Amino acid sequence: AAVSTPAAPGIDVPSAPAGPTRITEFDALRGLAIVCVMYLHAYFGPWATTPHRELLALHLLLLFANSAVPLFLFMSGVLSARDRSAGFPALIEARLTRLAIPLLFWLVAALIFEVWRRGGTLTPDLFRSFLLFDIAGQFYYVVVLLILTAALYPARHIAQRHLKWIVLAAFVANLAMIGWYEGHRPTSGLAWTIAYRNPLVWVFSYTVGLYVGRTWGHVRFPRGAVAAAAAGMLAAAAVYVVTGERRGYPESYFGVTVFLFAVCSFVVYPAIVRAVESMAPGRLALRSEEHTSELQSHLNLVCRLLLEK
């Protein structure tokens with residue numbers, strides 16, 4: 001999971017705290033997040049005759065599923081703290097090789113397929129979708145990861161006391177951007193496409209992951225922190241339902257309650273994984289999720305690249 005390239009002379013690379021060589025919680029969380037992403041892509045609107053209680057359950061499922069991409073970015077941030085690239089150019093070269101080139105390959109393959117499917121015509125809309133990384137599936141999170149990796153590279157080397165202020169600034173910026181989108185919903189498909197690719201929509205997930213990776217090197221948080229985060233998830237879910245029933249539910253990730261629910265899940269989900277793993281049936285479940293994460297699909301490839309494993 002970690003890149004072990006030695007740092008070049010003169011490069012100040014802070015050492016990540018001693019922790020487990022492999023963060024085992026991420027094995028199960030990766031499988032869970034992949035299933036959630038697949039669910040989001042398979043989701044379709046309810047029928048007009050769907051009972052209200054089933055609609056409520058559907059919205060709660062969406063709330064859980066919408067924490068998948070933030071969770072991926074959080075895990076990637078944690079793992080990035082272990083990176084020992086010999087400076088910024090080496091880091092960019094590694095990410096281009098590991099992320100950008102595979103991403104470009106699959107985008108071109110998808111474009112060729114779509115052109116063939118449409119009778120051999122490359123339409124302007126199809127070409128625009130290609131340029132926006134939206135030709136097939138949603139590869140936006142890989143693009144966002146590349147941007148955040150480059151933009152937050154200096155945060156890997158600053159003093160820990162300064163990093164926490166960057167995390168706080170990222171939280172405020174992320175929350176403000178989510179709040180703005182919730183109050184000013186895009187009115188066109190292009191506007192939504194750009195919104196999903198806005199780094200400020202995702203910046204806190206990666207930044208707090210980097211902080212956790214540099215500070216502790218693992219995700220075994222104290223019980224008090226887990227309890228507080230669990231209470232935060234319950235509170236966010238309650239407000240999500242109450243306001244959703246009154247004024248309508250947020251669109252996808254673009255809701256303050258959705259964002260806060262996902263943030264708290266970074267602390268709670270690893271604890272749930274450990275609790276399940278401690279039970280004999282849980283070991284079977286975890287192995288099953290690891291097998292799920294090995295599905296041979298372009299979605300799995302992108303998710304594995306996301307976690308840099």
Side-chain angles (χ1 to χ4, degrees), residues 1 17 19-40 43 56-79 81 141 167 171 202 204-213 215-241 253 255-295 299-300 303-304 306-307 309:
T21 303
R22 184 181 185 88
I23 303 178
T24 57
E25 294 92 339
F26 284 2
D27 293 327
L29 292 179
R30 179 180 60 188
L32 175 63
I34 289 174
V35 171
C36 287
V37 170
M38 294 175 67
Y39 169 76
L40 290 173
Y43 167 78
L56 183 59
L58 177 63
H59 286 299
L60 286 174
L61 279 174
L62 287 174
L63 176 63
F64 278 94
N66 279 325
S67 62
V69 173
L71 183 61
F72 271 129
L73 291 171
F74 168 76
M75 289 189 284
S76 187
V78 173
L79 295 175
Y141 39 83
V167 174
F171 176 81
W202 314 102
F204 178 72
S205 300
Y206 182 86
T207 308
V208 73
L210 178 61
Y211 179 81
V212 169
T215 304
W216 297 291
H218 60 77
V219 289
R220 297 188 300 268
F221 301 105
R223 290 185 178 181
V226 174
M233 290 180 73
L234 290 174
V239 176
Y240 169 83
V241 170
Y253 306 98
V256 170
T257 51
V258 179
F259 169 69
L260 295 176
F261 184 91
V263 167
C264 293
S265 75
F266 301 158
V267 177
V268 175
Y269 286 165
I272 293 177
V273 169
R274 289 192 300 276
V276 174
E277 190 177 21
S278 66
M279 301 180 291
R283 295 190 179 91
L284 272 177
L286 287 178
R287 285 197 293 270
S288 175
E289 285 177 332
E290 289 180 359
H291 293 159
T292 300
S293 70
E294 296 301 325
L295 289 173
L299 173 63
N300 177 57
C303 291
R304 289 171 69 87
L306 239 176
L307 289 180
K309 298 185 70 174

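Note that the structure is a prediction, hence the values are computed from the model and not measured.
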Gap separating the [atom1] atom of [X] from the [atom2] atom of [Y], nearest 0.5 angstrom:
{"X": "L60", "Y": "F261", "atom1": "CG", "atom2": "CZ", "value": "8.5 Å"}
{"X": "L32", "Y": "F26", "atom1": "CG", "atom2": "CZ", "value": "13.0 Å"}
{"X": "L62", "Y": "C36", "atom1": "CG", "atom2": "SG", "value": "10.5 Å"}
{"X": "Y253", "Y": "N66", "atom1": "OH", "atom2": "CG", "value": "5.5 Å"}
{"X": "L210", "Y": "L73", "atom1": "CG", "atom2": "CG", "value": "12.5 Å"}
{"X": "L63", "Y": "L58", "atom1": "CG", "atom2": "CG", "value": "11.5 Å"}

Inset, instruction - Please name all residues satisfying side chain to side chain contact (heavy atoms under 4.5 Å, CB included) with L61, sequence neighbours left out, ordered by chain then number. - result: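 Side chain to side chain contact (heavy atoms under 4.5 Å, CB included) check on L61 returns Y39.
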
Inset, instruction - Quick one: list whatever passes side chain to side chain contact (heavy atoms under 4.5 Å, CB included) with V256, sequence neighbours left out. - result: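 By the side chain to side chain contact (heavy atoms under 4.5 Å, CB included) rule, V256 matches L175, I178, E182, L260.
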
Inset, instruction - Please examine the side chains of V78 and Y211, heavy atoms only from C-beta on, and report whether any two atoms are closer than 4.5 Å. - result: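 Y211 does not reach V78 side chain to side chain.
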
Inset, instruction - Would you mind telling me which of L29, V219, D27 makes a side-chain contact (heavy atoms from CB on, under 4.5 Å) with V273? - result: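 It is L29; the other options fail the test.
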
Inset, instruction - Take F72 and R30 through the test side chain to side chain contact (heavy atoms under 4.5 Å, CB included) and record every step on the way to the result. - result: CA-CA 7 Å; F72 271 129; R30 179 180 60 188; 4.3 Å; yes

Of all the heavy-atom pairs spanning [X] and [Y], show the shortest one and how long it is.
{"X": "L71", "Y": "A33", "value": "CD2-CB, 4.4 Å"}
{"X": "A225", "Y": "V267", "value": "O-CG1, 3.8 Å"}
{"X": "V37", "Y": "A68", "value": "CG2-CB, 3.8 Å"}
{"X": "F74", "Y": "F221", "value": "CZ-CZ, 4.5 Å"}
{"X": "E277", "Y": "T24", "value": "OE1-OG1, 4.4 Å"}

Legend entry - Pairs touching residues 256-275 that satisfy salt bridge (Lys or Arg N to Asp or Glu O under 4.0 Å), sequence neighbours left out: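 Listed once each, the pairs are E25-R274.
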
Inset, instruction - Measure up the F259 and F171 rings against each other and bin them: parallel (under 30°), tilted (30 to 60°), perpendicular (over 60°). - result: tilted

Legend entry - Residues, nucleotides or ligands: over 12 heavy atoms within 6.0 Å of F64 CZ: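 No - once you tally the heavy atoms of other residues, nucleotides and ligands closer than 6.0 Å, there are 12 at most.
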
Legend entry - N/O donor-acceptor pair under 3.5 Å between Y240 side chain and H59 backbone: yes

Legend entry - S265 (side chain) donor-acceptor with A262 (main chain) under 3.5 angstrom: yes

